[in-house]
Amino acid sequence: MAERTGRPLEGMDRQLKDMGKAGQLFSIDFGGIRVFKMLPWVFGIYEFQLGRLDKELALLVEEYAPFFRTAVLFPNASIDG
């Protein structure tokens with residue numbers, strides 16, 4: 001991951017673990033091997049933020065919802081109905 005992103009390896013483990021704790025990505029330990037995975041927006045990141053939900057995030061989600069609905073859920077839907 002460090003090579004792919006061009007970031008130094010030092011500190012990356014701590015940063016990824018912190019991101020996992022903050023609900024920004026999925027993190028799990030499989031018997032000493034930690035695995036990190038990106039979370040989908042609607043069925044992942046949003047749910048992990050419910051304990052930290054504030055007005056700013058709620059407004060951003062409301063602003064994003066129409067885009068998600070048209071671009072992700074129904075990309076081939078006609079605007080005319």
Side-chain angles (χ1 to χ4, degrees):
M1 186 180 299
E3 183 178 323
R4 195 172 21 158
T5 62
R7 294 176 178 234
L9 184 58
E10 296 77 30
M12 186 169 281
D13 184 61
R14 176 78 279 158
Q15 183 177 9
L16 291 171
K17 287 178 181 175
D18 289 346
M19 290 174 72
K21 288 179 184 175
Q24 298 169 336
L25 55 79
F26 180 77
S27 173
I28 189 168
D29 187 314
F30 285 112
I33 299 173
R34 181 152 299 274
V35 175
F36 300 98
K37 182 178 177 185
M38 294 295 299
L39 292 167
W41 172 256
V42 173
F43 305 110
I45 291 176
Y46 184 74
E47 283 79 5
F48 281 109
Q49 300 309 316
L50 292 180
R52 296 180 270 279
L53 191 61
D54 60 10
K55 184 176 181 177
E56 180 183 12
L57 180 57
L59 291 172
L60 288 171
V61 170
E62 287 295 319
E63 182 180 332
Y64 177 69
F67 170 79
F68 182 81
R69 194 170 27 259
T70 58
V72 178
L73 293 179
F74 306 106
N76 299 319
S78 168
I79 295 175
D80 299 328

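Starting from 1, each residue takes its place in the sequence as its number. Keep in mind that the numbers below use all heavy atoms, side chains included, and drop hydrogens, waters and symmetry copies.
Applying the side-chain contact (heavy atoms from CB on, under 4.5 Å) test to L59 and every residue at least two apart in sequence or in another chain returns K55. Applying the salt bridge (charged side-chain N to carboxylate O under 4.0 Å, His left out) rule to D54 yields no partners; only residues at least two apart in sequence or on another chain are considered. Partners of K21 according to the side-chain contact (heavy atoms from CB on, under 4.5 Å) rule, which considers only residues two or more places apart in sequence or in another chain, are R14.
Atom-to-atom distance recorded for L16:CG and K37:NZ is 15.5 Å, nearest 0.5 angstrom. Here the CD1 atom belonging to I28 is positioned 12.0 Å from the CD1 atom belonging to I33, to the nearest 0.5 angstrom.
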Mind listing the side-chain donor-acceptor pairs of residues 5-12 below 3.5 Å, one per line with the distance, residues two or more places apart or on another chain?
| from | atom 1 | to | atom 2 | distance (Å) |
| --- | --- | --- | --- | --- |
| T5 | OG1 | M1 | O | 3.0 |
| T5 | OG1 | A2 | O | 3.4 |
| T5 | OG1 | R7 | N | 3.4 |

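Residue pairs that meet the salt bridge (Lys or Arg N to Asp or Glu O under 4.0 Å) test with at least one member in residues 23-32, sequence neighbours left out, are D29-R34.
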